[in-house]
**Q** 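One structure, as structure tokens, below. Some questions next.
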Number of protein chains: 2
Amino acid sequence: MSFAVRLVIARCSVDYIGRLTAHLPPATRLLLVKADGSVSIHADDRAYKPLNWMSPPCRLEEQPGVWTVVNKAGEELRITIDEVLHDFSYDLGVDPGLVKDGVEADLQRLLAEHITTLGEGYTLIRREYPTAIGPVDILCRDASGGTVAVEIKRRGEIDGVEQLTRYLELLNRDPLLAPVSGVFAAQQIKPQASVLAADRGIRCVTLDYDGLRGIDDSDGKLF
Amino acid sequence: MSFAVRLVIARCSVDYIGRLTAHLPPATRLLLVKADGSVSIHADDRAYKPLNWMSPPCRLEEQPGVWTVVNKAGEELRITIDEVLHDFSYDLGVDPGLVKDGVEADLQRLLAEHITTLGEGYTLIRREYPTAIGPVDILCRDASGGTVAVEIKRRGEIDGVEQLTRYLELLNRDPLLAPVSGVFAAQQIKPQASVLAADRGIRCVTLDYDGLRGIDDSDGKLF
DNA sequence: GCCTTTATGTCGCCG
DNA sequence: CGGCGACGTAAAGGC
């Protein structure tokens, strides 16, 4: 019974006091209470994002006319209910979950497997090369033996260039590695990122995910 | 009729092909269709985030057993419906919307009104000072007449320091302004951000939002 | 627990 | 419409 979604249509007003203060004047809305304890208040727009919400772990206390939801950090959501227009619950059970393909991790794996995409004679040192400020996506060597740090993004934007710049700055302090050059690899690279990369001597490479996946027959996906 | 939330409980499987590829095996889920055209598929967990969704603007085509949602970019969500267990619609009407207080814009306004929080003799030049790479939160002068660029965050992290660094680099190319010094102001500043700022000669200032609001009696909020 | 990065991020503003 | 920055960003993974 407790493990069910609950859908309530109600005329209500809402106050949130937590990381910020927010208020919703009275109106008719959808209240969605999930088995994980979360509560969200939806209008008929804003895509899937609720107007207001409380994420689990939190506790919902239901009194006549007032729902109070609090979490451990002391954030509070107070829903004042003027009128309940619909109240329905259904036990969905546990969901098997989403299977994804084509996220950055997949790009990284594919590029590491086909590191010569970056150029003839390239060899992989390792993926997720650890540094004090975080892991470098791929560290490899070019044909002349020079070290190359690769930052991979699905969509290459200015932040990614900044990130690679920080890595390069750090890696070049290591006399065993230096000089380290940089490659910014992404399925799509925005012009400003490209300009910034050029300004910093970083090479940009556009990745073809389907192409990389196509030549990757290691797991028999090809046919 | 079309301007209503629609709540469907159904046993379904889902495929998304767009920015990535994703699949949901058959299970019972909540389908939420909003008047704005969005469709979201919820399990009984993950707080307010759906397992899968399509944001507006998009078009839902409903055939027996298959819903197809496509948007302009060619992304597609295909919902195969094995069994409808519940189907309910309700017209919520337009929502008056959320009123927020305490976000970065409020901090910026308060600091601009009390610019001497940064030091005796500071004077405001302007908020949102425009540059080619985006607006500087606050530009002001210190007691000695030197230009100061201020970047404001609720939570000061490394990205904010990078951002301010880019602004300073640009502003310092303008002979009418140079030399421009930097202040990184936030309600809370993370140690790494603090270290990076120090390394770049940027001063860090911790803001007290309630304190600033307290001395701000301009709109009679004090009592 | 703190730190990092990723995300189908989403959202809003402004040119 | 694209660029840019904020967000109650959330969530995942490493140390």
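Every chain is numbered from 1 and lettered A, B, ... according to where its sequence line falls, protein lines coming before strand lines. Being a predicted model, the structure only gives us computed values, none of them experimental.
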**Q** Rounding to an integer number of Å, can you tell me how far A/Y129 OH sits from D/dC15 P?
**A** 13 Å
**Q** Where is the tightest heavy-atom contact between A/D36 and B/A47, given as atom of each residue plus distance?
**A** OD2-N, 2.9 Å
**Q** What integer distance in Å separates B/E75:CD from C/dA7:P?
**A** 15 Å
**Q** Going from OH on A/Y209 to CG on B/L20, what distance comes out if it is rounded to the nearest 0.5 angstrom?
**A** 9.0 Å
**Q** I'd like to know if A/E151 pairs up with A/K153 as an ion pair, taking the criterion as any Lys NZ or Arg NE/NH1/NH2 lying under 4.0 Å from an Asp or Glu carboxylate oxygen.
**A** yes
**Q** Sequence neighbours left out, cut at 3.5 Å: what donor-acceptor pairs do the side chains of residues 195-204 of chain B make with other protein atoms?
**A**
| unit_1 | atom_1 | unit_2 | atom_2 | d |
| --- | --- | --- | --- | --- |
| B/R200 | NH1 | B/E162 | OE1 | 3.0 |
| B/R200 | NH1 | B/T165 | OG1 | 3.0 |
| B/R203 | NH2 | B/L118 | O | 2.8 |
| B/R203 | NH2 | B/Y122 | OH | 3.1 |

**Q** Determine the Euclidean distance between corresponding C1' atoms of C/dT6 and D/dC7; express it in Å to zero decimal places.
**A** 16 Å
**Q** Which heavy atom of A/D82 sits nearest to which heavy atom of A/P26, and what is that distance?
**A** OD2-CB, 4.1 Å
**Q** Side chains of A/K34 and B/H42: is there a donor and an acceptor less than 3.5 Å apart?
**A** yes
**Q** CG of A/L98 versus C1' of C/dA7: gap in Å, rounded?
**A** 13 Å
**Q** Check the distance between C/dT8's P and B/M54's CE and give it to me in whole angstrom.
**A** 13 Å
**Q** Any donor-acceptor pair under 3.5 Å linking the side-chain atoms of B/E75 with those of B/Y16?
**A** yes
**Q** Provide, to the nearest angstrom, the distance between the CG atom belonging to A/D159 and the P atom belonging to C/dT4.
**A** 14 Å
**Q** Taking the same atom, C1', in C/dT8 and in D/dG14, what whole-Å distance lies between them?
**A** 25 Å
**Q** Do any of residues 16-28 of chain B sit with a heavy atom less than 4.0 Å from DNA chain C, and if so which?
**A** B/Y16, B/R19, B/L20
**Q** Counting only side-chain heavy atoms from C-beta out, which of D/dG8, C/dT8, D/dA6 sits nearest to A/N52?
**A** D/dG8
**Q** Just the atom pairs and distances: protein N or O near nucleotides 1-4 of chain D's N or O, under 3.5 Å.
**A**
| unit_1 | atom_1 | unit_2 | atom_2 | d |
| --- | --- | --- | --- | --- |
| D/dG3 | OP2 | A/K190 | NZ | 3.3 |
| D/dC4 | OP2 | A/Q192 | NE2 | 2.2 |

**Q** Rounded to whole angstrom units, what separation is found between the CG atom of B/L51 and the P atom of D/dA10?
**A** 18 Å
**Q** Applying ring pair (Phe, Tyr, Trp, His ring centres under 6.0 Å), name anything that partners A/W53, two or more places apart in sequence or on another chain.
**A** B/Y48
**Q** Rounded to the nearest Å, what distance is computed from the NZ atom of residue B/K153 to the P atom of nucleotide D/dG8?
**A** 14 Å
**Q** Looking at every heavy atom in both B/T131 and B/L170, which two are closest together, and how far apart are they?
**A** CB-CD2, 3.7 Å
**Q** Under 3.5 Å between N/O atoms: give me all the protein pairs with nucleotides 11-15 of chain C, atom names plus distance.
**A**
| unit_1 | atom_1 | unit_2 | atom_2 | d |
| --- | --- | --- | --- | --- |
| C/dC11 | OP1 | A/R46 | O | 2.9 |

**Q** Nearest heavy-atom pair of B/E157 and B/A193: which atoms, and what distance?
**A** C-CB, 3.5 Å
**Q** Between atom CD in A/Q108 and atom P in D/dG14, what is the gap in whole Å?
**A** 11 Å
**Q** Please, which pairs that meet side chain to side chain donor-acceptor pair (under 3.5 Å) have at least one residue in residues 181-194 of chain B, sequence neighbours excluded?
**A** none
**Q** Indicate the atoms forming the closest heavy-atom contact of B/V150 with B/A185, along with that distance.
**A** CG1-CB, 4.2 Å
**Q** Counting only side-chain heavy atoms from C-beta out, which of D/dA6, C/dT6, D/dG5 sits nearest to B/E151?
**A** D/dA6
